[in-house]
Amino acid sequence: MSEEKNYDLVIIGGGPAGYTGATRAAQLGLKVAIVEKNKTLGGTCLNVGCIPSKALLDSSEHFHMAQHEFDQHGVDVSGVKLNLKKMMERKDKVVSDLTGGVSYIMKKNKVDHYVGLGKLVDENTVEVKTDKGSETLKTKNIMLSTGSVPNELPFLKFDEKIVVSSTGALSLEKVPKKLLVIGAGVIGLELGSVWNRLGSEVTVLEFSKKICGPMDAKSTKKLQQVLTKQGLNFIFEAKASSADVKKDGVSVTYEDMKNKEEKTIEADVVLVATGRKAFSEGLGLEELGIEKDQRGMVKIDEHFRTKHKNIYAVGDLVRGPMLAHKAEEEGVAVAEIIATGRGHVNYETVPGVVYTWPELASVGATEEELKERGVKYKAGQFPFTANGRAKAMNSTDGFVKVLADSTTDRVLGVHILGPRASDIISEAVVCMEFGGSSEDLARSFHAHPTLPEAIREAALDVDKRARQF
Ligand code: NAI
């Protein structure tokens, strides 16, 4: 029988937006419940996204280095062998440690965790369908954070063995001889890199003319060159259009848009990485008249409210980049809006990272965007070949680019292609959050020798006074 419970906030979806929002709301004194259909919290990010992919990227990078780079450091190793099962077990352990950590945080903050499918019944009621039956939760506020799922191509239905989404590509039982990746976006490049390093022959089909969609053109061009050197084969202006899936492989036909002809490519496994779509099935949106936009995302106002003022939506379910850190900040903002009346996300400073090697990290506007908007800017650039730490690491591919307003010198965008770009971009984010200038970056101490010195040098180069050449 259904039992009724009362809350200030019920969150449907336990990913980064959900568990971070729940924690903040609990800290602010609200009585909170989190409803998650999977057994573990953490959503796509922790279970089948950011975290397991980074675990495999790190492991495969070690394997690659042992095979191809150790000897340059004077480390002779022979008989380097891949133990894929062990690599996968380590990845699974990283995931279970972290999802366990999230459960602990919920308990510590006295957030009630329901395992089951949450559905809106009315503005103040959520029903949770569990293994054992159903529970009814009464609540003053609801936050929807049900995330997103991979796009499927109509002619390539996921079986997660031969036709895989990012989820299946994180758990292949053996290294495919030939891996075809459809889509040269973030997922295609990260998981393509993993399997390339582990020994697959990887071909990437991309609809447009470049990798990584709208990211900085010069950085993405250089990244493509480096990845090509690492063994990835790119076919641009190629639209996957049909496929024949067999028991032990797949042949995919694509439209070669340059030459206006159809071509076919064979592979053992195909990874479809053509984007993700908001997941709101079975949530009861239609019954409550909650609208979606053309892309199927839940429509919200500037305070994350749906047409019902006490029902909020955040994360991959709503407009903006599908990124865990964006979702987290939105979850926190909603908790703060409910508890204090104020909450805000600065979308101008959301960093984006591609965890290839070198990594590509970016915040703010690209040169292409600034030109299109008619903004006058100055650009400074500095290569990692001239950075002492990168040289010591033997990882000098890439550069930093700092873009600053011509008149005010305010930093408008920073783009980094290089070692650990994901870690060092944070300095630029903080600078932009404070409305800082390239002069601020240039005059701040940077320990020597470190990778972030390349950011300082690029900032100095905005006024053509870089020092470390
Ligand atoms: P994406 O939107 O980044 O890239 C998809 C690519 O597929 C595009 O370049 C598109 O032109 C191409 N494409 C689409 N249909 C095609 C077709 N029929 N034939 C050939 N090419 C085709 O999407 P992706 O890589 O699947 O990632 C999904 C989301 O997950 C993104 O929003 C991304 O931000 C997020 N994500 C972020 C990560 C990170 O922050 N490091 C890691 C993984 C995912």
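Numbers for residues simply follow the sequence, beginning at 1. Just so it is clear, the model here is predicted, and its values are computed rather than measured. All ligand and atom numbering here is 1-based and tracks the order in the structure.
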* Structure fact -> The complete set of side-chain hydrogen bond (donor to acceptor under 3.5 Å, both in side chains) pairs with one or both residues in residues 11-20, sequence neighbours excluded, reads none
* Applying a heavy-atom distance cut-off of 4.0 Å, which protein residues contact ligand 1? -> Ile182, Gly183, Gly185, Val186, Ile187, Glu190, Leu205, Glu206, Phe207, Ala238, Lys239, Ala240, Ala273, Thr274, Gly275, Arg276, Met322, Leu323, Val353, Tyr355
* **Partners passing side-chain contact (heavy atoms from CB on, under 4.5 Å) against Leu82 (at least two apart in sequence or in another chain)** => Phe63, Leu84, Met87, Val175, Leu198
* Asked: Can any side-chain N or O of Asn387 pair as donor or acceptor with the backbone N or O of Thr450 at less than 3.5 Å?
  -> yes
* Asked: Are any side-chain N or O atoms of His446 and backbone N or O atoms of Glu457, one a donor and one an acceptor, separated by less than 3.5 Å?
  -> no
* **Verdict with reasoning, Leu317 to Ser280, per side-chain contact (heavy atoms from CB on, under 4.5 Å)** => CA-CA 7 Å; Leu317 198 55; Ser280 59; 3.9 Å; yes
* Asked: For residues 194-218, which residue pairs qualify under salt bridge (charged side-chain N to carboxylate O under 4.0 Å, His left out), counting only residues two or more places apart or in two chains?
  -> Glu61-Arg197, Asp216-Lys401
